[in-house]
Amino acid sequence: MDDVYGILTIILLFSLATPADLACLAGCTCTDDHLGRSLQCMEAPMAQIPDNIPRDFTKIRIENCHLTELPPGSFSAVVRLEFLWLNFNEITLMNVKSLEGLANLTELRLQGNKLTSIPWTAFQDTPKLKILDLKHNRLDVLPEHALRFLPGLTYLDLSFNNLNIISKDVFLNWPLYQKTEKTWSKEGIVSNVVLALHDNPWKCDCRLKGFVEFIRAVNPPIILMNSYLMCKSPDSKVSKFFHEIQLKTCVKPDASSPDANVTLPLGSNATLECLVKARPAPSIHWTYSLKMIRGFAGKNDDTFSSHLLIPSLHLADRGVYTCSANNFIGNSSASVLVSISNPNSSAPLPPPVPILSPDENPYIDIRIAKQTVYGITLEWFAATENPTETWYTIHFGKYDSPKKDMTYIGPGINTYSVENLLPVTKYEVCVALKNHPPREGQCVVFVTGNDVSEMEQRERLIHIIVLVCAMVLAVPAGMYACTTESRIGCAGKCLGFCKRRKRHGDMQEMERQGTFDSLQAASSETLCRDDKPKDRGRGGSAAQLY
């Protein structure tokens, strides 16, 4: 009779269970133990979180399955879930609502993924979380309020990431630390909180001062898994442990110049000096007449120097040069007034910019050597008599702008990068000898493409179209756009297209009224003009990208 009763009980239990409760995902295994029902997927063919995960699991383990992201509500239907292991996948993105519905989650492990940041507010949906394992990711920032949403956390592993600067306020704002510290100090109750921060590339400068002091003084309730945290930079502190170093307080830049006024003869070389006291190291640059100029930097303890060399002074070099320095605390600047003396006061000074004849102007071959999401890298070759003493001027700006930004480049340098280009904009960049205007063949005209906001297409933010056969800015759909990937065949197609257009006699001038603000405004009729371009007095011509 007892046997019959037992069989009936089993039949009744199976009849009450739903198909979803008894199901298991393909390629995975399901088990039951004292912790509840578990789902384990190891190296399963799974590129995303399945939508049909049964809701009766208390533990889910999906590892080595090539997951790339945690979308919103990934496990929201599994309301009984307590343990979630997603180790050794390829997760790069975690949504702020990835943990929605997991009010019972106590353990989350994301070891060995590719996370560069965490939406810490996502943990508002996991009030019972006690264990968070993020080791072997690529986290490089830990915001000051990151842990305020983890009041019950007792184990946090951030080891083997890319953290280099952390504020001690991260832990002072941790509710659990505040609570347990007060309880431990008053009642003598030890509540251990395990924290792992080792094997990160710590940058031991003034910005880490508070954190280093916090680590030195750490005591229960916080226990460091590895208390020997090591510096990875700067060079003076590489491989030193936190307890071996003394860090100074950060200091706002204070810029000054030994000579506020410099007067030199025409044609002489001028060297301007700027001294900056700052901590950490500041960014220093020179500006002259709203143009940014490169300088040469040096360092002595916490004093940084920058020297600006102006070879062969001309009248155009007169004026105020400003040295600006900034770090994350603030900025400072100092100015130097450059004047030119006239050796013969009765005679007028020569013109500021000598104009060379065509025979005196050297051959300069330029090209766009590289394009990135944000800009281009220009490269040039110049045949000069004294290459070790030759200075160049980079003229760069919007094509239709009468004034271009100028940057001086010293001897031995033949590349220059331009960043932060605007989309759908026509630019011109020229290379000429210092204090000489650019001439025919020394300029490249190019246009940037549309701004693509989708993350998966971000690499296509900037399309560099180098104008061949004097094509105008806009290249409508179906026309040929010359880029670094198709430069050889494309050039021939462009030239052939131009010849066909000439045979039909439907030629128009390259220049159009107004500015080129939109690619949609162009048509095929504006792609070509005569093979022999007009001399507009700008020294520029379209150049093919070799």
Side-chain angles (χ1 to χ4, degrees), residues 116 140-144 162-167 201-212 231-238 247-260 262 270-310 319-338 370 372-378 391-394 396-397 404-410 412-413 415-422 429:
T116 57
D140 55 6
V141 174
L142 196 61
E144 289 188 6
N162 292 328
L163 299 171
N164 51 40
I165 299 292
I166 285 185
S167 169
W202 300 113
K203 189 171 185 177
C204 296
D205 62 18
C206 66
R207 290 168 290 183
L208 208 64
K209 183 177 186 294
F211 177 66
V212 169
C231 302
K232 290 299 176 70
S233 65
D235 292 342
S236 60
K237 294 181 175 62
V238 171
L247 298 180
K248 299 178 181 179
T249 305
C250 293
V251 176
K252 175 184 174 182
D254 181 15
S256 62
S257 177
D259 298 307
V262 176
T271 301
L272 310 184
E273 183 178 16
C274 178
L275 301 177
V276 180
K277 293 183 179 180
R279 196 183 305 124
S283 171
I284 304 175
H285 63 270
W286 291 83
T287 55
Y288 170 63
S289 186
L290 301 181
K291 294 182 283 290
M292 190 172 295
I293 313 171
R294 292 183 179 181
F296 303 93
K299 179 186 177 183
N300 182 13
D301 196 15
D302 291 325
T303 300
F304 301 82
S305 63
S306 179
H307 295 84
L308 179 65
L309 176 61
I310 309 174
V320 177
Y321 291 77
T322 302
C323 165
S324 300
N326 64 81
N327 61 18
F328 78 100
I329 299 180
N331 56 74
S332 177
S333 63
S335 297
V336 180
L337 175 61
V338 176
K370 179 182 178 183
T372 66
V373 173
Y374 304 102
I376 64 165
T377 297
L378 190 71
W391 280 69
Y392 302 94
T393 302
I394 305 294
F396 177 77
K404 298 290 191 293
D405 291 336
M406 292 191 298
T407 301
Y408 295 144
I409 303 295
I413 302 174
T415 61
Y416 181 74
S417 296
V418 179
E419 302 291 340
N420 301 319
L421 296 177
L422 297 174
V429 57

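Values in this document were obtained by computation on a predicted structure and should not be read as measured data.
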When every non-hydrogen atom of Ile165 is compared with those of Leu208, the smallest separation belongs to CA-CD1, 3.8 Å
Restricting to non-hydrogen atoms, name the atom on Lys252 and the atom on Gly330 that form the minimum distance, rounded to 0.1 Å.
CG-CA, 4.1 Å
Contacts of Asp259 that satisfy salt bridge (Lys or Arg N to Asp or Glu O under 4.0 Å) - sequence neighbours left out:
none
Determine the interplanar angle of the Tyr321 and Tyr288 rings, folded into 0 to 90°, and report it as parallel if under 30°, tilted if 30 to 60°, perpendicular if over 60°.
parallel
Test side-chain contact (heavy atoms from CB on, under 4.5 Å) applied to Ser283 and Asn326, step by step:
CA-CA 5 Å; Ser283 171; Asn326 64 81; 4.1 Å; yes
Test Thr116 against Asn162 for side-chain contact (heavy atoms from CB on, under 4.5 Å), laying out the working first.
CA-CA 8 Å; Thr116 57; Asn162 292 328; over 6 Å; no
Could you work out, with side-chain contact (heavy atoms from CB on, under 4.5 Å) as the rule, every residue matching Ser233, not counting sequence neighbours?
Lys203
Passes side-chain contact (heavy atoms from CB on, under 4.5 Å), Ile394 versus Ile409? Steps please.
CA-CA 7 Å; Ile394 305 294; Ile409 303 295; 3.7 Å; yes
Atom CZ of Arg207 and atom CH2 of Trp202: how far apart are they, to the nearest 0.5 Å?
13.0 Å
Tell me whether Asn327 contacts the main-chain N or O of Val251 through its side chain, where contact means a donor paired with an acceptor under 3.5 Å.
yes
Under the salt bridge (Lys or Arg N to Asp or Glu O under 4.0 Å) rule, what pairs show up with a residue in residues 274-288, not counting sequence neighbours?
Arg279-Asp302
With sequence neighbours excluded, what pairs up with Ser256 under the side-chain contact (heavy atoms from CB on, under 4.5 Å) test?
Leu275
For Cys231, check side-chain contact (heavy atoms from CB on, under 4.5 Å) against everything at least two apart and list the hits.
Cys204, Lys237, Phe242, Ile245
Side-chain heavy-atom pair Phe304, Pro253 within 4.5 angstrom cut-off
no
Could you tell me whether the side chain of Ser332 and the main chain of Ala325 form a donor-acceptor pair under 3.5 Å?
no
Between Phe396 and Leu378, is a side-chain contact (heavy atoms from CB on, under 4.5 Å) present by the stated rule, with each step listed?
CA-CA 11 Å; Phe396 177 77; Leu378 190 71; over 6 Å; no
Is there a donor-acceptor contact under 3.5 Å from the side chain of Ser324 to the main chain of Ser333?
no
By side-chain contact (heavy atoms from CB on, under 4.5 Å), which residues pair with Pro201, not counting sequence neighbours?
Lys232
